[in-house]
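To keep things clear, I will list the structure first and then write my remarks on it.
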There are 2 protein chains.
Amino acid sequence: MENPTTSPPDEKSLDRHAFVLKRLSNKNHRYTTGRHRLVDALAGSDKPLTLPDIVAIAPDLAASSVYRNLEVLEQCGVVKRIASGRDHAHFELAEPLLSHHHHLVCTECGAIEDVRLDDEVEELLDQRLNLVAARASFKPLHHSLDLHGHCANCEGLL
Amino acid sequence: MENPTTSPPDEKSLDRHAFVLKRLSNKNHRYTTGRHRLVDALAGSDKPLTLPDIVAIAPDLAASSVYRNLEVLEQCGVVKRIASGRDHAHFELAEPLLSHHHHLVCTECGAIEDVRLDDEVEELLDQRLNLVAARASFKPLHHSLDLHGHCANCEGLL
DNA sequence: CGCAATAATGATAATGAGTCTCATTTACAA
DNA sequence: TTGTAAATGAGACTCATTATCATTATTGCG
């Protein structure tokens, strides 16, 4: 597999670029090459990445800058942070850039995989969540649903 | 309100006590007074607690012991850890001791509140999650569903 | 009961993911 | 360009959580 961070830009990556630029500009932030590389790294993976994952993919990015930019991009709604509790947090592109999905989280090795549910289930879920939120005077922004268990690899080793 | 950690034991707390004792004994652990106090502190709250919350409720518990015991109780399936990502993790009693529920998580102040959904929705959810898990050769243990947004207090201040 | 053997405690040191600092570099706007 | 404000990167720093270890408590057994 070719390194996705250096592939020629296709239509999707141009859209992504434009979207991120807009979100950053809204808050007077610049879309620098470092941030572009970070977004590309996240976009080039089919699962959320940790900081070590990211610097492994793009070794010339400074860890401190990556952390700072993940923070900035999170504020702008471009990146979503997934706190594993143990060790490193995972990061992925946020909803408009990645279609709505959930995670299979391995409680043994910490690996995270993406999964999608039927729209029908998602709608029902949102409906009910909005209901309980309203009851608690809570303003809902988004939901996160994770299935915890053992991935195929760890289950085999147990 | 009286301090719930020193209330006379009712039927529920006796059940809880017995359950925790069994879970600990299974792994050759002892149900010491410190652990009892910790379980009582968690049981006495209607929302997940952080370490500072716990030592505020039971000031004579040593922080290092509380952390160690939370770990032990988590291993025994008595306590569940909720990683907020930022600052302190939250802890609550695990499923058999607390009925299945989900969380409203305030993205501003980090406060966590418990909510429950209809059994109907939960069943549908489990059904679909089991399906996608099977497709990924993933062995499901439990799901977690959080609604992120602004709590009434923070929304008022914004 | 009393005596090992083993687990738990708690004060403190160590760890390490993530954040902050600041001097330097880069990007944008006029 | 050129001035101004934001971004960078190396390293210092924070602070929630873990590990250490000498001491104390608990349990099983004779």
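A, B, ... follow the sequence lines: proteins, then strands. Residue 1 opens every chain. The structure displayed is predicted, hence computed values, not measured ones.
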### Query
Can you check the A:R35 CZ to C:dC28 P distance for me, whole Å?
11 Å
### Query
Taking C-beta and beyond as the side chain, do B:R116 and B:H102 meet within less than 4.5 Å on heavy atoms?
no
### Cationic N near anionic O, under 4.0 Å, B:R86 to A:E71
yes
### Message
Taking the minimum atom-to-atom distance to the side chain of A:S64, which one of D:dG11, D:dA6, C:dA11 wins?
### Response
D:dG11
### Task
Would you mind reading off the distance between B:N28 atom CG and D:dT27 atom C1', rounded to a whole angstrom?
11 Å
### Query
Rounded to the nearest Å, what distance is computed from the CG atom of residue B:D53 to the P atom of nucleotide D:dA16?
13 Å
### Query
For B:R68 and C:dT9, what is the distance between atoms CZ and C1' respectively, to the nearest whole Å?
6 Å
#### Entry: Rounded distance in Å - CG (B:L21) to C1' (C:dA7)
15 Å
### Gap between atoms CG and P, on B:L24 and D:dT26 respectively (whole Å)
14 Å
### Message
I want to check something: taking the side chain as every heavy atom from C-beta on, are A:V121 and B:Q127 in contact at a cut-off of under 4.5 Å?
### Response
no
### Task
Starting from P on C:dT15, measure out to CG on A:D87 and report it in whole angstrom.
18 Å
### Task
Please find out if less than 6.0 Å separates the ring center of B:H103 from that of A:H143.
no
### Task
Check if the side chain of A:R81 and the base of C:dG18 share a donor-acceptor pair of N or O atoms closer than 3.5 Å.
no
### Message
Quick check: any donor-acceptor pair below 3.5 Å linking the side-chain of B:R30 to the base of D:dT27?
### Response
no
### Query
Ignoring hydrogens and angles, does a donor from either the side chain of A:T32 or the base of D:dA7 sit under 3.5 Å from an acceptor on the other?
no
### Message
Looking at D:dT17, I'd like to know if its phosphate oxygens (OP1 or OP2) sit under 4.0 Å from a side-chain N or O belonging to B:H88.
### Response
yes
#### Entry: Nearest-nucleotide comparison on DNA chain D, the residue closer to the 5′ end among B:Y31 and B:E71
B:E71
### Query
Between atom CG in B:N69 and atom P in D:dT26, what is the gap in whole Å?
13 Å
### Shortest side-chain distance from B:Y67, nucleotide among D:dA7, C:dA8, D:dT17
D:dT17
#### Entry: Electrostatic pair A:R128:B:E120 at N-O distance under 4.0 angstrom
yes
### Task
Choose from C:dA11, C:dG18, D:dT8 the nucleotide whose nearest atom is closest to any side-chain atom of B:A62.
C:dA11
### Query
Checking all strands, does A:A63 fall into the base, sugar-phosphate, or nothing category for heavy-atom contacts under 4.0 angstrom?
nothing
### Along DNA chain C (nearest heavy atom to each residue), the more 5'-positioned of B:S65 and B:R86
B:S65
